[in-house]
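One is the number of the first residue; the rest follow in order along the sequence.
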Amino acid sequence: MVADATPAPAPPRLPIAVPPARTILKQGPDEEIQCFDFYSTLADMVRNAPSGPVLVALHGRGSSRGAFHDLAPDLQKRGIAVLAVDLRSGKSFGSTENISALHYRRRHEKDASVTEDAADIPFALDRVREYAPHARLALLAEGPAASQALAFAAASPERVEALFLFSPEGVEGLDTAASNAQVRVPVYATCGHGAEEEARLHAAVRGVDEKWLTVFVPPADVQAAPGIATLLVERDADRERQRAVLLERMLALCPK
């Protein structure tokens, strides 16, 4: 019998222009494509003693790496580099298409579920290590990704030095309450305005040892949006109240 010599189909091409200055595509061990934006110069990323930590930023449900386009440049000015990741589930944020999700849909002819995003976390951290092998790493995550970041830190505490969580949401099949006691890195957790947001926040971090945990609930007079947008409230005074504790914790990761 003659063996079938039909070549394997080529991976789908992405009909989208990727800006080369900051955006990078990498293929993971499961052949999924991960797209991410570096908010730092490459020269800064590969220094032996980087000026500050690298935050691996994970967007919320149905979103993309574009969720961090307003925040990341400000953090970069403060010496904090940001790697904004397109998780494999999502759509877009503003005009920024989620390229990882686009590739997934074209390859599998369906959307990825948020439960599948968990595989993107270690892959993203591995990519940072390629560019910044000595950097201090932390996860900044919103929505379902915030809960997945907690579970990841509980299982792999040596991989990250801190978590910054915004409006955590439950993920099907993931019981963070069962693993939160294993978290051994500083956790900063916050939410948007309102009782429902606050209740979800406290439920997500339940069980984390108090010595590792800082919970910040927006003041009642600040109409803070859920997720990372809680840092982008309109009034300057309110914005600084929202950001002060967060920036203090982030800058604490900088070498003295």
Side-chain angles (χ1 to χ4, degrees), residues 11 14 18-60 63-68 72 75-76 80-90 98-104 107-108 112-165 171 174 179 182-187 250 253 255:
L14 298 178
V18 178
R22 185 177 63 222
T23 303
I24 301 172
L25 296 177
K26 289 283 187 177
Q27 189 169 40
D30 58 1
E31 299 186 354
E32 296 301 331
I33 293 292
Q34 186 171 94
C35 177
F36 52 84
D37 286 349
F38 265 137
Y39 288 87
S40 180
T41 65
L42 194 57
D44 287 340
M45 295 295 292
V46 299
R47 286 186 302 169
N48 287 336
S51 59
V54 180
L55 299 180
V56 176
L58 311 171
H59 61 74
S63 189
S64 80
R65 68 194 190 283
F68 305 100
L75 295 179
Q76 183 182 350
I80 302 170
V82 176
L83 179 83
V85 179
D86 269 348
L87 300 171
R88 66 188 66 186
S89 81
N98 185 320
I99 297 176
S100 301
L102 176 62
H103 178 270
Y104 187 99
R107 183 175 178 224
H108 299 280
S113 69
V114 294
T115 60
E116 296 176 88
D117 292 339
D120 293 321
I121 298 177
F123 181 51
L125 292 170
D126 289 343
R127 300 293 71 74
V128 176
R129 284 295 178 220
E130 289 182 8
Y131 294 95
H134 305 287
R136 308 181 71 180
L137 304 185
L139 293 174
L140 186 157
E142 62 176 351
S147 296
Q148 288 170 323
L150 265 173
F152 177 82
S156 305
E158 74 285 354
R159 297 292 304 274
V160 294
E161 296 197 29
L163 302 178
F164 301 97
L165 310 179
V171 176
L174 180 63
S179 60
Q182 306 307 314
V183 173
R184 292 292 184 271
V185 298
V187 177
M250 288 180 175
L253 292 174

Shortest non-hydrogen contact from [X] to [Y]?
X: Ala84; Y: Tyr39; answer: CB-CE1, 4.1 Å
X: Gln34; Y: Ser100; answer: CA-OG, 3.3 Å
X: Glu142; Y: Ala67; answer: OE2-CB, 3.7 Å
X: Phe36; Y: Lys26; answer: CE2-CG, 3.9 Å
X: Ala101; Y: Gly90; answer: CB-O, 3.4 Å
X: Tyr104; Y: Arg88; answer: CB-O, 4.2 Å

Contact check, side chains of [X] and [Y], non-hydrogen atoms, under 4.5 Å:
X: Leu75; Y: Phe68; result: no
X: Arg159; Y: Arg129; result: no
X: Phe152; Y: Leu125; result: yes
X: Leu55; Y: Phe164; result: yes
X: Val82; Y: Gln76; result: no

Atom pairs and distances, donor-acceptor, side-chain atoms in residues 144-151, under 3.5 Å, two or more places apart:
from, atom 1, to, atom 2, distance (Å)
Ser147, OG, Glu169, O, 2.6
Gln148, NE2, Val114, O, 2.7

Tested for side chain to side chain contact (heavy atoms under 4.5 Å, CB included) against Cys35, the lone hit among Leu102, Asp86, Asn98 is Asp86
Excluding sequence neighbours, so at least two apart, what forms salt bridge (charged side-chain N to carboxylate O under 4.0 Å, His left out) with Asp117? none
